[in-house]
Amino acid sequence: MKRLGKVFESLRTENRKGLIAFIMGGDPDVETSTALLKALPSRGVDVIEIGMPFSDPMADGPVIQMAGQRALEAGCTLRNVLDMVVSFRKDNQDTPLVLMGYANPVYRYGVDKFALDCAEAGVDGVIIVDLPPEEDQAVREALGNQFVDMIRLITPTSDAGRLETILDGATGFLYYVSITGITGAAKAKHDKVAAHIEKIRAKTDLPIAVGFGIKTPNDAQEMSALGDAVVVGSSIVEKIAHLSGKSGKVDQGAPEMTAVLDHIGALSGALKPAA
Amino acid sequence: MQNERKPPNSFRKAPDERGHFGPYGGRFVAETLMPLILEVEKAYLEARDDISFWVEFDKYAKHYIGRPSPLYHAEKASKHFGGAQIYFKRDELNHTGAHKINHCIGQILLATRMGKTRIIAETGAGQHGVATATVCALFDIPCTIFMGETDVKRQAPNVFRMKLLGAEVRSVSSGTGTLKDAMNEALRDWVTHVEDTYYLIGTVAGPHPFPMMVRDFQSIIGKELREQFQDRYGGLPDTLVACIGGGSNAMGLFYPFLDEREVKLIGVEAGGHGVESGEHAASLTGGLPGILHGMSSYFLQDENGQIKDAHSISAGLDYPGIGPEHAWLFDHKRVEYVSVPDQEALEAFQLCAKLEGIIPALEPAHAFAHVAKIAPSLPEDHHLVMNLCGRGDKDIFTVADMLGVKL
Ligand SMILES: Cc1ncc(COP(=O)(O)O)c(C=O)c1O
């Protein structure tokens with residue numbers, strides 16, 4: 001069974017909600033980012049999303065925009081991000097890794113080569129923000145041939161007609177973008193999301209991860225009731241920003257690194273079922 | 001993105017129902033925007049088939065914009081170059097001083113038809129921003145214009161104009177603070193305000209249906225030209241020349257002639273410091289296929305697919321991409337695309353002023369520079385029409401600065 005499937009299955013059997021943590025690949029530099037990536041599972045992260053830096057991230061707020069800029073300034077390429085995955089997989093075969101980014105770097109890299117290299121590195125899923133179902137066929141099929149999931153997004157604007165289009169061909173899990181807005185924006189209204197997710201549940205058995213606007217352990221706990229997992233990005237990346245300028249020399253014990261990992265520990269702690 | 005090499009039977013039938021011009025175009029947007037973009041498409045297709053929509057459009061075109069714009073035989077310029085007969089399609093005489101108002105009237109009529117109550121737009125030179133602010137004043141709809149922080153500085157008069165017209169101008173500092181970043185920011189705003197907002201895109205770019213729709217509105221230029229030329233000289237012109245930023249004035253001029261293969265079409269991109277220098281805005285002659293701003297097209301980018309900054313003396317051409325229809329016409333060689341560097345545009349700007357008493361915008365000055373190159377070797381019975389798509393009042397500060405004159 002594939003890693004993503006296993007994780008969501010054990011979340012269900014353990015009656016627990018998962019934490020999906022987002023970091024930008026290569027932020028602030030590839031070495032530090034790799035060290036961080038490797039430390040995440042020990043802090044209770046169930047699935048890791050790694051951003052593929054892009055010069056023009058039109059769905060991201062300032063925090064993640066800056067993270068991408070830091071990574072690009074440090075010279076991070078898509079190949080570097082894939083190498084981070086290779087390095088991670090040397091000692092972790094269980095935690096699913098999902099790459100998230102924009103279409104242009106993937107197309108420039110070559111869609112088939114990207115899919116092949118993802119599979120070889122040990123990537124489990126890919127989210128491409130600017131490839132809606134109408135335009136994702138080439139990438140989805142290339143990934144599918146390598147048994148890598150193309151993860152689709154559902155948003156508050158996805159009405160019944162849209163849902164049908166999105167669910168047709170969706171694999172892995174569904175990423176529910178809980179607000180109409182960009183990353184780093186304010187948290188969604190719980191009730192609105194709940195009502196929409198109920199409608200989605202009626203049409204699919206795929207696990208649902210809820211993301212956007214979730215920043216604190218409290219947010220995570222509150223929103224976790226709605227889906228199978230919550231995604232936290234900007235509030236983690238904001239703390240990673242403090243590692244910037246310390247290129248290559250940030251060891252696990254550095255206070256800035258500890259702050260990132262403690263924040264993540266607090267997020268996963270908030271999702272532990274009450275004993 | 002496989003290039004389709006086989007030429008289509010007609011170049012006027014694209015895009016297909018999914019907004020594709022061969023491998024270009026499409027709808028590469030975040031899912032949040034998809035329902036809205038489908039709604040814009042549906043509304044536009046309905047409007048397109050509704051005579052009353054075009055009656056309204058024509059009313060504003062005639063009485064507000066001042067169309068049809070004259071077709072002017074530039075006899076002095078023709079003599080000066082000693083070859084082809086040169087004509088200017090004078091869209092610089094439009095209200096607000098450029099062709100941008102054509103698609104602004106079309107889109108504001110659509111936005112009101114859709115019940116939208118807020119308009120956003122991006123702008124580089126400020127011409128599209130001014131035209132948008134103008135129609136928003138006219139239709140009493142609040143608007144927010146996104147403009148790169150670099151452009152806010154170099155196009156101060158247009159920033160002031162937009163404010164006079166009641167628009168909010170938001171300076172964009174993200175990325176490199178130019179037109180592409182203004183467009184990113186407008187898209188971010190749109191995702192955040194999907195319910196009430198219409199994004200009035202300023203060129204034949206963005207997700208479907210924008211490239212098609214803006215082309216349709218701008219085609220009034222080419223349609224008028226066809227009639228004017230037929231009435232006065234008979235037949236069709238031989239060559240059409242237009243400058244290209246995103247490609248709206250060029251598409252508007254070319255579209256009605258795409259299937260008359262005997263009419264030569266030339267698009268002039270901004271060569272900046274020269275295409276070899278890497279500092280230019282020539283997406284076709286110096287870029288690669290890619291995906292940005294909701295479309296598949298050609299973009300300036302590095303080998304990793306990171307978008308590069310464009311460079312041009314003309315803020316209106318300073319965009320690292322180009323409309324998808326141009327990308328498709330480029331691959332099929334139906335249109336010839338060339339580039340003109342800053343320096344030649346600057347010289348053409350001055351030459352046009354002295355020869356014809358018309359101060360052109362720096363954008364069509366690029367087209368005029370190319371006309372200057374090809375006209376001398378063409379025969380005297382060759383009819384060459386250039387789109388004089390904007391006037392140069394907005395550019396006198398930039399030009400004075402380049403010439404070392406203090407105003
Ligand atoms: C006068 C003028 N011409 C041309 C352009 C470039 O746009 P397009 O290529 O869409 O016509 C601009 C853009 O601001 C402009 O102001």
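Proteins get letters first, then strands, A, B, ... in listed order; numbering begins at 1 in each.
Contacts of A/E135 with chain B are made by both backbone and side-chain atoms, with heavy-atom separations under 4.5 Å. Contact of A/P156 with chain B is not made at all, since no heavy-atom distance falls under 4.5 Å. Proximity to chain B is absent for every atom of A/L78, based on heavy atoms less than 4.5 angstrom apart. For B/D302, the part lying near chain A is the backbone, with the side chain staying farther off; criterion is any non-hydrogen pair under 4.5 Å. With a 4.5 angstrom heavy-atom cutoff, B/H20 touches chain A only via side-chain atoms. In this structure, chain B has a heavy atom under 4.5 Å from the side chain of A/Q65, while its backbone stays farther away. For chain B, the nearby part of A/L72 is the side chain; its heavy atoms alone come within less than 4.5 Å.
In terms of modelled atom types and a separation under 3.5 Å, the side chain of A/T157 and the main chain of B/P35 share no donor-acceptor contact. For A/N104 (side chain) and B/G305 (main-chain N/O), a donor-acceptor pair under 3.5 Å exists by modelled atom type.
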Given side-chain contact (heavy atoms from CB on, under 4.5 Å), test B/N304 with A/R108 step by step and report yes or no. CA-CA 6 Å; B/N304 295 310; A/R108 189 87 332 258; 5.9 Å; no

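For the side-chain contact (heavy atoms from CB on, under 4.5 Å) criterion with A/D130, the lone passing option out of B/I291, B/L292, B/L33 is B/I291.
Rounding to the nearest 0.5 angstrom, the gap separating the CZ atom in B/R27 from the CG atom in A/L131 is 13.5 Å.
Highest contact tally toward chain A, considering only B/R18, B/E185, B/R188, is held by B/R188 [criterion: heavy-atom pairs under 4.5 Å].
Between A/R162 and B/E31 a salt bridge is recorded (basic side-chain N to carboxylate O distance below 4.0 Å).
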